[in-house]
2 protein chains.
Amino acid sequence: MNSAARPPAMSDVAALAGVSHQTVSRVLNDHPSVRPETRERVTEAILQLGYRRNSAARTLVTRRSGTLGVVTPATALYGPTSTLVGLEEAARVVGWFVSVATIRQFDGDSMHTALEHFLGQGVDGIAIIAPTTEVAQAIAAIASPVPVVLISSASDVPPVPHLHAVGVDQRHGARLATQHLLDQGFPDVVHVAGPQDWFDAQDRLAGWREVSGPGAPEHIEAGWDAADGYELGLRMVREGLPAAIFAANDQLALGLLHAFWEQGVRVPDDVAVVGFDDEVGAAHYTPPLTTVRQDFGALGRLAVGSLQAAFAGEDVARQQIPAELVVRASSVRRV
Amino acid sequence: MNSAARPPAMSDVAALAGVSHQTVSRVLNDHPSVRPETRERVTEAILQLGYRRNSAARTLVTRRSGTLGVVTPATALYGPTSTLVGLEEAARVVGWFVSVATIRQFDGDSMHTALEHFLGQGVDGIAIIAPTTEVAQAIAAIASPVPVVLISSASDVPPVPHLHAVGVDQRHGARLATQHLLDQGFPDVVHVAGPQDWFDAQDRLAGWREVSGPGAPEHIEAGWDAADGYELGLRMVREGLPAAIFAANDQLALGLLHAFWEQGVRVPDDVAVVGFDDEVGAAHYTPPLTTVRQDFGALGRLAVGSLQAAFAGEDVARQQIPAELVVRASSVRRV
DNA sequence: GGCACCGGGGTGAGCGCTCACACGGGCGCG
DNA sequence: CGCGCCCGTGTGAGCGCTCACCCCGGTGCC
């Protein structure tokens with residue numbers, strides 16, 4: 001075993017197969033003009049030596065690393081992590097590696113650090129699971145030599161060169177949820193909105209407003225956490241319950257359900273609740289939660305496709321994926 | 001602007017600063033013997049040119065990519081995603097990049113593909129969020145030229161060179177949960193176990209058995225999903241309720257709570273429930289769930305530390321982190 | 001028969017960096 | 001005063017690959 005010494009290089013394979021290093025390269029890159037028997041000889045030498053192409057050398061000369069950098073918030077939240085998984089799978093299909101950087105804060109500094117991190121690494125493209133307006137502004141301010149795709153529903157991403165944007169149509173999802181509640185006969189629908197510096201929160205609010213109309217009550221702004229929903233739920237019980245609530249995500253809805261259950265308020269009889277995300281477990285909340293599902297697999301594919309288009313020099317418009325309503329017990333009054 | 005042409009190289013910086021490329025390299029690598037004024041001149045040239053060190057070239061010559069490969073299941077499950085986040089943060093602290101590969105199945109083929117993927121990329125080390133025995137066996141069968149750390153509670157990982165293992169002490173956590181229920185005065189504790197090809201499930205079962213003793217009723221094996229817990233809960237209601245249940249994860253517990261709530265069984269009055277994971281939202285289940293929390297940040301640091309030790313040639317034993325019990329309403333009978 | 005052309009394959013340069021080593025000058029010390 | 005040593009810096013090789021180009025021999029066509 002010479003395992004520890006130095007991994008085999010292309011020249012070693014070439015020597016063993018009795019060809020030039022260039023022929024080995026041709027075999028590796030599926031170049032057509034190699035005789036089948038030569039190809040086979042090379043392939044066997046590769047196997048025998050346990051040869052693996054050195055990607056650093058390849059990257060050095062081609063100036064392409066085949067790596068996609070993904071910036072994601074440092075949380076185990078359902079949306080971002082699902083998006084990450086979707087991205088990884090889509091990237092792998094087209095032969096890209098995925099490198100990850102998490103950020104704790106969405107300020108310009110963190111974003112700048114993360115981008116530098118990736119650019120120094122030589123990624124070919126960057127995807128940013130970028131929820132807040134602040135992030136978007138930070139991105140816009142940084143001149144990236146590689147294409148960047150912003151994954152968010154941002155309806156108003158500033159038009160920056162190299163900056164694409166894809167997302168699930170949050171507004172559409174919010175319309176579905178709100179309309180569903182209205183269709184159930186609830187006279188009006190209160191919206192518990194997420195932090196308004198998040199695009200998703202903005203768009204869910206906008207979708208709700210489109211359907212509920214100008215006469216609807218004001219929305220209530222909250223965070224994303226179940227604790228926020230819980231506090232709010234308790235306050236509602238004290239100050240008066242609406243007929244129906246559209247919560248900006250499932251965690252908020254979960255907190256509301258908790259508060260209502262604790263206070264003896266029945267859902268959906270006393271108040272109907274709809275969430276957003278269809279988190280793992282949402283089908284087993286008490287009661288099972290009506291919510292809006294996003295196709296993160298499709299989202300990942302869309303993001304990757306968008307980057308590929310960017311490489312090809314195409315100027316892709318913003319692309320959106322429709323959302324899907326999942327109706328469960330929390331919004332359907334028993335007859 | 002010559003931006004599109006070719007990114008500036010070390011030699012460009014050197015020319016601008018009036019030094020040799022080697023001096024630039026020394027500045028970049030914080031080599032002590034550079035005069036402060038020279039250093040400053042170089043630094044300024046770097047800034048002026050927007051120079052970024054080409055990591056491919058660096059990797060090529062040093063044979064170190066500074067990249068950690070992480071293999072993780074392709075799910076948004078709380079445990080794996082939290083571990084991933086913990087790993088990324090720990091890796092970044094020591095200056096490593098994190099590259100991710102997700103796998104859908106835990107068979108040897110998938111693992112082999114993922115490892116080849118990383119080895120071809122030239123990672124310096126690999127962390128495997130490796131839940132099943134099958135994965136561990138697959139790893140053991142692959143000779144990796146770089147250190148591999150298995151992140152799992154596996155008590156019986158086969159001793160393979162270069163294969164380290166770290167984890168949260170699942171058995172300890174299970175003992176805490178079970179003992180807590182016994183301390184509350186519940187005569188016996190039924191365990192709803194996870195899939196027994198998962199290390200975590202095995203160890204949680206083992207910990208439960210250690211405390212509950214041989215006289216305890218048989219455990220019930222299930223999956224990891226809330227749906228499994230729900231089915232089981234319904235069956236328990238039909239066939240007879242235990243006094244207390246220790247579920248192998250929070251999702252199972254959530255399903256149980258759902259079934260019980262639906263059937264009018266009160267928790268914890270009729271049956272107490274404890275979960276495992278302390279997922280986001282567990283504090284707002286109905287009722288709030290007593291569960292076992294794992295410190296994923298510490299886990300990531302431990303894994304990274306273990307790899308660093310491997311680089312240093314140390315032969316590190318398996319390392320475990322204690323778990324922590326979080327008591328909430330689902331297991332505490334109201335007085 | 002001469003020439004173009006194409007399949008199959010080889011040669012050499014160079015990507016941008018680090019490493020080993022060389023080199024000159026100042027300083028301490030015998 | 002001479003020698004050695006260290007500080008600060010430069011020189012050149014080479015990491016393993018791809019790209020541009022060259023070369024040779026067989027085939028088809030005028």
Side-chain angles (χ1 to χ4, degrees), chain A residues 2 4-43 45-46 49-67 95 119-124 145, chain B residues 2 4-43 45-46 49-67 95 119-124 145:
Chain A
N2 59 345
R6 175 177 66 81
M10 209 171 249
S11 55
D12 299 324
V13 176
L16 181 59
V19 296
S20 77
H21 64 120
Q22 175 63 334
T23 299
V24 178
S25 172
R26 277 192 263 259
V27 169
L28 254 43
N29 294 320
D30 280 327
H31 192 283
S33 63
V34 176
R35 249 185 312 162
E37 57 205 68
T38 309
R39 183 181 300 273
E40 190 168 338
R41 213 145 26 96
V42 170
T43 309
I46 288 175
L49 262 51
Y51 168 77
R52 259 187 295 263
R53 182 212 255 127
N54 182 319
S55 71
R58 182 175 219 225
T59 297
L60 181 58
V61 46
T62 59
R63 296 181 192 289
R64 304 194 121 238
S65 61
T67 300
L119 294 176
Q121 198 188 7
V123 299
D124 292 342
Chain B
N2 57 345
R6 176 177 66 81
M10 210 171 247
S11 56
D12 299 325
V13 176
L16 180 60
V19 296
S20 77
H21 63 118
Q22 176 62 335
T23 299
V24 178
S25 172
R26 278 191 263 259
V27 170
L28 253 42
N29 295 319
D30 280 326
H31 191 284
S33 63
V34 176
R35 248 187 312 162
E37 58 205 66
T38 309
R39 183 180 300 274
E40 190 168 339
R41 212 142 29 94
V42 170
T43 309
I46 288 175
L49 262 51
Y51 168 76
R52 255 186 298 262
R53 181 212 257 127
N54 182 319
S55 72
R58 182 174 219 222
T59 297
L60 181 59
V61 44
T62 59
R63 295 181 193 288
R64 304 193 121 239
S65 62
T67 300
L119 293 177
Q121 198 189 5
V123 298
D124 292 341

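We name chains A, B, ... by the order of the sequence lines, and we start the count at 1 in each one. Remember, it's a predicted structure, so these values are computed and weren't measured experimentally.
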Engineer: In whole angstroms, how far is the C1' atom of C:dA13 from the NE2 atom of A:His21?
Structural biologist: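 About 10 Å, once rounded to whole Å.
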
Engineer: Kindly point out which of D:dG10, C:dC17, D:dG8 is positioned nearest to the side chain of B:Asn54?
Structural biologist: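 Of all the options, the side chain of B:Asn54 is nearest to C:dC17.
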
Engineer: What integer distance in Å separates A:Gln22:CD from D:dC19:C1'?
Structural biologist: 8 Å

Engineer: Over how many whole Å does the gap from A:Met10 atom CE to C:dT11 atom C1' extend?
Structural biologist: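 Between C1' of C:dT11 and CE of A:Met10: 15 Å.
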
Engineer: Hey, is the side chain of A:Arg26 pairing donor to acceptor with the base of C:dG10 inside 3.5 Å?
Structural biologist: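 Checked by distance alone, the answer is yes.
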
Engineer: Hey, which of B:Leu28, B:Val34, B:Val13 is the one that makes side-chain contact (heavy atoms from CB on, under 4.5 Å) with B:Val42?
Structural biologist: B:Val13

Engineer: Quick one: A:Arg64 CZ to D:dC19 C1', roughly how many Å, whole number?
Structural biologist: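 For the pair A:Arg64 CZ and D:dC19 C1', the rounded distance is 16 Å.
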
Engineer: Considering heavy-atom distances to DNA chain D, does B:Arg35 or A:Arg58 have its closest nucleotide positioned more toward the 5' end?
Structural biologist: B:Arg35

Engineer: Round to a whole Å and report the spacing from CZ of B:Arg39 to P of D:dG8.
Structural biologist: 10 Å

Engineer: Please report, rounded to the nearest Å, how far the P atom of D:dC19 is from the CG atom of A:Leu28.
Structural biologist: 13 Å

Engineer: Using a heavy-atom cut-off of 4.0 Å across all strands, would you classify A:Thr59 as base, sugar-phosphate, or nothing?
Structural biologist: nothing

Engineer: Heavy atoms from C-beta onward define the side chain here; which of C:dC15, D:dC15, C:dC17 lies closest to that of B:Leu60?
Structural biologist: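 Out of C:dC15, D:dC15, C:dC17, the nucleotide with an atom closest to B:Leu60's side chain is D:dC15.
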
Engineer: Would you mind reading off the distance between B:Asn29 atom CG and D:dT9 atom C1', rounded to a whole angstrom?
Structural biologist: 15 Å

